[in-house]
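What follows is a set of notes on a single structure, which appears directly below.
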Amino acid sequence: MVSVLNTIDTAHEDMVHDAQLDYYGTKLATCSSDRSIKVFDVRNGQQTLISDLTGHEGPVWQLAWAHPMFGSTLASCGYDRKVIIWKETNGTWAKLYEYSNHDSSVNSVAFAPHEFGLLLACGSSDGTISILSSTGDGTWDSKKINNAHSIGCNAVSWAPAVTPNALFDTGNRPPTVKRIVSGGCDNLVKIWREEDGQWIEEQKLEGHSDWVRDVAWAPSIGLPKSIIATCSQDCRVIIWTNDGTSNTWSSKVLQKFNDVVWHVSWSITGNILAVSGGDNKVSLWKESTEGQWVCISDVNKGQGQISEGQRTLQ
Amino acid sequence: MSGGKSEILWSPVDPTEFITYGSEITLYRVEDDIAQCHLEQHNKVRQISDSTYAVHVASNTDVALIKCVSWYPKADKKNLLAVGQANGHVVLTSIGNTTSSSEFIGKEFAAKHARTSCNYVSWNPKDTHLLAEGLEKHRNDSCIAIWDINSSVMSESMWASSSRLSYSESATITKPYQEIGYSESSSSFAWFYSSPKTFITGMNNRQLRIYDLRDGSKPVKLTSHKSVHGVCIDPKFEDRIASFGDAFISVWDLRNFDKPIVTLQQNKQVLKINWCPARNGMLSVLCKDSPVVSMYDIEHSVLGSDDIEPVIRERNIESKMQRQYVSSFAWHPTKENRLLTFVSPDTINEITVFDKMTMQWSALFKLTLASGQKVVEYNITNEEYLDDISFKMKRRINKAYGDFTENVLENARTVSEEPQLRGVWEWIHSVRLKNSPENRNNASEFHGVKGLLKMTDNTDYPLRSNCEICGWEDSDEQTLTVRVYDSEERSQALELCGWGRNDNVKARTNYMEFSFRSGNCAKAAAIALFSRRIKKALDYLSRSQEEGSATLKAVAIAIAGVTDRSALWKKTCNELRHDLKHPYLRAIFAFLVDDNNDFIDILNDEEIDVKDRVAFACTYLTDDKVQKYFEDLSNKLKVTGDLNGLLLTGFTSEGVDLLGKYVDCSGDVQTAALISIYCCPNTLDKSDISKVSMWIDGYRALLDQWKLYNIRAKFDIIRNKFDSSVRPAPQVHVRCNFCGKSINNTSAMQMPRSRLPPGVSSHAIHKPKTCPNCRKSLPRCSVCLNNLGTASGMGNLQHRGLQSKLTPISDWFTWCQSCRHGGHAAHISTWFREHSECPVTACSCKCMIDSKNS
C-alpha cells in the first residue's frame with residue numbers, strides 16, 4: 001500500500017513551494033511564499049522544527065541539499081532573484097553565501113554530484129543558468145550560461161557522475177564529464193556539458209509543445225545509459241534515453257495527462273518515476289522489462305489528509 | 001437562454017448549493033454520492049465533475065427581466081435573493097427553502113418611475129439590511145441607490161407624506177436609504193469587507209470612485225481610468241482592487257490609487273474577473289468566446305521594481321469534459337480552489353484547481369509531497385513495489401546474500417526464488433570446484449565455456465574432439481547408436497554445467513539424483529537419456545511421485561518402445577511430442593526421433609536450462625556446430641541480459657557486456673557488484689574494469705545512503721578477500737613519540753598495493769618493539785612494563801599460529817585520551833575490570849570514567 005506515514009504541518013504562512021529531504025532522509029527543508037525556509041528534523045515519524053531561515057525577500061521557490069560530505073548545506077532560490085547557500089555549524093544555521101547576479105526570479109537550484117565538489121546550478125527566469133562553485137576557501141566562483149532558454153529556465157538537473165574506480169588504474173583515468181539538463185519556457189530541453197571550464201550546449205531536445213516544467217536526470221547506479229524525464233505544461237511526460245555510446249537521444253512519451261505536469265522525480269535507484277500533475281495526482285511509473293513504461297500506482301493527494309475542509313476561508 | 005447572459009453563483013452560506021440565472025433562477029445542490037442521486041429523478045441530476053453531481057432542487061420563474069442577482073450573505077434569511085431587473089426594479093425573491101425569509105419575499109424597490117436597466121445589486125456583507133443597486137444614467141436621477149430592506153410601504157408612505165412625494169399604488173418602495181451619483185451612471189460595485197460603510201464603484205465609464213455612506217455627497221477617493229467594470233476587492237488583501245475595461249484588466253493598490261499597478265492585456269473582450277477567495281493575489285479572468293478561465297498571480301507580480309515582467313504565473317483552467325465557451329464562473333466561497341464554470345444550463349462543470357505539488361523520493365523509499373502549507377510523507381509498501389529492485393536488494397541483504405565466500409552455493413540458496421541468480425551462483429560454485437584453491441585467481445578461472453573451447457582467442461587452434469559412436473550403456477540393444485564427441489575441453493565444460501566429466505559417472509548420477517530429488521524427474525530422466533542410460537531414465541520416470549506422473553509413466557512406456565524404433569513409432573512420437581507441456585519430456589522425444597544429429601528442437605527450446613543445453617551441445621554437436629551454437633546462444637543471451645549466459649561467456653569482456661545488459665534491464669547493481677568481486681576482474685581491460693568498478697562503487701554508495709554501513713563494510717571485506725589490491729589506505733596511524741612518523745611498517749608504505757609474495761605479510765616481517773624510523777623503543781605497557789609491540793602473552797597461541805600475519809587486537813596499543821597512559825589492550829581491559837583509576841602509579845586519572853562519559 002501507499003500509506004501516509006506522516007503529515008507535517010509546516011506552519012508556513014503561505015503556500016509551500018518545495019520540500020526536500022536531505023541525503024539520509026532525516027532532515028526536511030521546506031520553503032514558501034512567506035519568504036521563509038524551515039528545516040525540520042524528521043526522525044522516527046516525529047518532526048521538530050530546527051530552524052527558520054529568513055533572508056529572501058520574496059517567495060522561495062526551490063531548495064537543494066548538498067551531499068553530507070560538505071556538511072549540512074542547503075541552497076535556496078527565490079523570486080527575489082537571489083540564490084542563498086545556508087550552512088549549519090554547531091547546530092546553528094547561517095547564510096554561507098548569497099548570489100544575486102540574476103536579473104529575474106531564480107526558479108531552480110540543484111547541487112552537482114558530490115564527486116564534482118560543492119557545485120550548484122541555478123536556472124532563472126532571465127533565461128540564464130549559473131553554475132556556482134565553492135573554491136574551498138570561502139569564496140565562490142560563478143559561471144553563466146547566457147540565453148540558455150529564451151523567456152526563462154524552469155528547471156535544472158545534474159547528470160550522475162560516472163567515475164571509473166581510481167583503485168584500478170590511477171594513471172590515466174578519463175576525466176568525468178559534468179553535464180546538466182535544463183528545461184525552459186522555450187519548450188526545449190537542453191543538455192549542457194562542461195568543456196575546458198566552459199559550458200557548451202551539447203543537445204537540444206525538442207518534443208514538448210509548451211513550457212517545460214521539470215527535468216530529472218535519473219540516478220544511474222551502474223547503468224551505462226542515461227535517462228532523463230521531463231514534464232511540461234503540455235500535459236506530457238517524456239522519457240529521453242541515451243545508450244551512453246552515441247550522441248543521440250530517443251524519446252518516448254510516458255503519457256498525455258489531463259492536466260499540467262508539475263514535477264518528475266526518480267527513486268534512488270532510478271527505477272521508479274513519480275509524476276505529479278495538476279490533477280492533484282501523483283502516479284508512479286516503472287519501465288517493464290519489455291521497455292514499456294507502466295503506471296504501477298496512483299497516489300491521490302486527497303488521501304494525504306490535506307482535505308479541503310482543513311484549509312477553508314474564515 | 002433568451003438572449004440574456006447567464007450567471008452562476010455559490011450560496012454564501014450553504015457550501016453545497018448554487019444557483020444559475022438567466023431567464024429564470026435555478027437552485028442546485030451538489031452531491032458527492034451517486035447513490036444519493038439515484039433516488040432523485042434522473043433528469044434532475046447532472047454530473048459536474050468526476051465525482052460530483054448537481055441535483056436540481058428548485059426553479060424560480062416568478063421574476064421576469066432578470067438582469068442581476070445577489071444572494072443574501074447571511075444564514076438568518078436563507079436563500080433570499082435580490083434580483084435586479086431590466087426595468088430598474090429590485091425584487092426580493094427566494095428559492096428552495098424560504099421559511100426564514102418569507103416576510104421579505106415579493107418586496108420591490110424602485111426609485112420613482114420606471115428607469116434604465118439595473119446594472120448590479122449587491123448586499124452589504126455586514127449591514128445585511130442594506131442593498132446597493134446600480135443604474136444607467138437617466139436624466140438627473142441618481143445612479144446608485146442603497147435600499148434598506150426593512151423599510152416598508154407603510155413607513156414609505158409616511159416618508160412620502162412628509163416629503164410630499166407621491167408613491168405608486170403597488171407595494172413598491174420608492175425611497176432609497178441613500179442615493180449617490182446624480183445624473184451619472186454606475187456599472188460595477190463592491191462593498192469593502194472590513195469597513196462595510198464604504199464601497200468602490202466604477203462610474204461613467206471613466207472613473208473608479210470610493211464612497212463612504214456616512215458622507216455620500218462626494219467620493220473619498222477617485223481615479224480616472226477606463227477600466228470601470230467588474231470591480232472586485234481581493235478578499236485576502238483589501239487594498240488590492242481589480243477591474244476591467246474592454247480588453248484589459250487593471251489591478252490597483254488603494255494606497256497608490258493614481259494608476260494601476262498591473263495592467264493585463266487580453267486578446268478578447270473581458271467578461272468577468274474575480275479574485276480567487278482562498279489564494280493570495282490570484283486573479284481569475286474569463287474572456288468572451290473562451291473555453292478557459294485564466295489565472296494570474298498578482299501577488300508575486302508586484303514585488304520588486306517595475307522592470308520585472310508584470311505577471312509571473314499564468315494558468316488556464318479548462319474543463320476536462322467540455323471544450324465549449326464558458327459564459328460565467330464562480331469560485332466556491334470556502335472550499336479551496338473549487339470553481340464552477342457555466343457553459344449552458346446543461347453544462348455546468350465543477351473544477352478543482354490543484355496547487356502545484358512538489359515531490360521527492362527519499363533514500364529510504366518514502367515519497368514526500370508538499371502542497372498548500374503541509375508536507376506529507378508517504379510510505380510505499382505496496383506489493384507491487386516489493387517487486388522493485390531496491391526492495392529486492394534489501395530483502396537479499398537481510399538474507400546475507402553474497403556473504404558466503406567459502407561455501408558459495410549458500411549464496412544461491414539466499415536467492416533460491418530467483419532462478420537466474422541461483423544459476424549464477426551455481427556457476428561460480430562449479431568454477432570454484434573445478435579449480436583447486438591453488439589455481440584461484442588464475443587469469444583463466446572465469447573464462448566460461450566459450451573460453452574453454454578456445455573460442456575467445458583468435459588463434460586458429462582448432463578443437464579436436466574425438467568422435468565415438470556409442471550405444472546405450474545399459475541396454476543390450478545394439479542398433480541404437482549416437483555420435484558422442486569428447487575432448488578435454490568438452491569435459492571441462494561439462495563440469496562447469498554441473499554434468500560432470502563424461503567419464504565421471506558418479507558426478508552425472510549425482511546431478512540426476514539432485515534433479516530428481518528436487519522434484520524434476522523429467523529433467524533427471526532427460527539427462528539420463530542424454531547420458532545414454534535408458535534404463536535409468538525409465539527408472540526415474542516410473543518412480544515419479546509428482547502430479548501428472550501418469551503422463552510420465554505413459555512417456556516411459558513410449559520410450560521403452562524405442563528399441564523398436566519403427567517408422568510408425570517415430571512418426572507418432574514426432575507428432576505428439578510438441579503437445580507435451582514439459583520441456584524436458586519434449587527434449588526426450590526430440591532426442592529419440594532425431595535422425596540427422598542436429599537436435600535443433602532441444603537446443604533452441606528456451607524452457608530448457610541454459611546449462612543443460614550447453615552440456616548437451618558439448619556432448620552431441622560437432623566441433624563446428626558447437627562453436628556456432630555457442631556463439632549464437634551467447635549472443636542471444638547477451639541481448640536479453642540473461643545471466644545464464646555467463647556460463648558461456650565467463651567473466652570476460654563479453655561477460656561484462658552481458659552483465660551490463662542485465663543491469664540495464666533489471667537495475668540489479670547488487671548482483672553485478674557481487675559477481676564482480678567474486679570473479680575478481682583483474683584480467684579485464686580498462687574499459688571493462690571501469691564498468692565493473694562503476695557497479696561496485698554504485699552499490700557501495702547505495703549501501704551508504706541506506707545507512708547500511710555494516711553491510712558495506714562487509715562488502716569491502718569480501719572484496720579484499722578476493723582482491724587484496726583494493727585494500728584502502730589506512731586512515732588512522734600510530735605515530736612514534738620521537739620522530740612523529742607512523743610506526744606501521746614502512747615497507748608497506750613504500751610499496752603501496754603491496755606486491756609481496758602471497759602468504760607473506762608485511763606484518764610478519766617485523767613486529768617492531770622499536771620505531772622503524774628512528775629505532776627508538778616504543779612506549780611501555782603500563783601494566784606489564786614491556787615495550788609495546790611485544791605479545792601481551794594472553795592471546796590464544798594456537799589461534800595466532802593460524803593467522804600469524806595479523807596482530808591480535810589484545811596485543812594492540814590502547815591509551816587513555818586524558819592522561820595518555822596506556823598499554824596492551826588486553827592488559828588495560830583486565831585492569832579496568834577492577835579499577836577505575838589509571839594503572840600508572842601516581843596518576844589519579846579516572847580513565848575509565850572519563851572515557852565512558854565522553
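Every chain is numbered from 1, with letters handed out A, B, ... down the list of sequences.
- The only member of A:Thr10, A:Leu21, A:Thr7 that meets side chain to side chain contact (heavy atoms under 4.5 Å, CB included) when paired with B:Val375 is A:Thr10.
- Contact annotation for A:Thr241: neither backbone nor side-chain heavy atoms come within less than 4.5 Å of a heavy atom of chain B.
- Contacts of A:Gln62 with chain B are absent, with no heavy-atom separation under 4.5 Å from either backbone or side chain.
- Of the residues considered (A:Val42, A:Thr30, A:Asp9), A:Asp9 shows the highest number of contacts with chain B, using heavy-atom pairs under 4.5 Å.
- Other residues, nucleotides and ligands contribute over 12 non-hydrogen atoms within 6.0 Å of the CD atom of B:Glu238.
- Among residues two or more places apart in sequence or in another chain, the salt bridge (charged side-chain N to carboxylate O under 4.0 Å, His left out) test is passed with A:Lys38 by A:Asp52.
- Only the backbone of A:Ala11 comes within contact range of chain B, with at least one heavy atom under 4.5 Å from a heavy atom of that chain.
- Between B:Lys707 and A:Thr26 there is a side-chain heavy-atom pair separated by less than 4.5 Å.
- Using a 4.5 Å cut-off between heavy atoms, B:Ala673 does not touch chain A at all.
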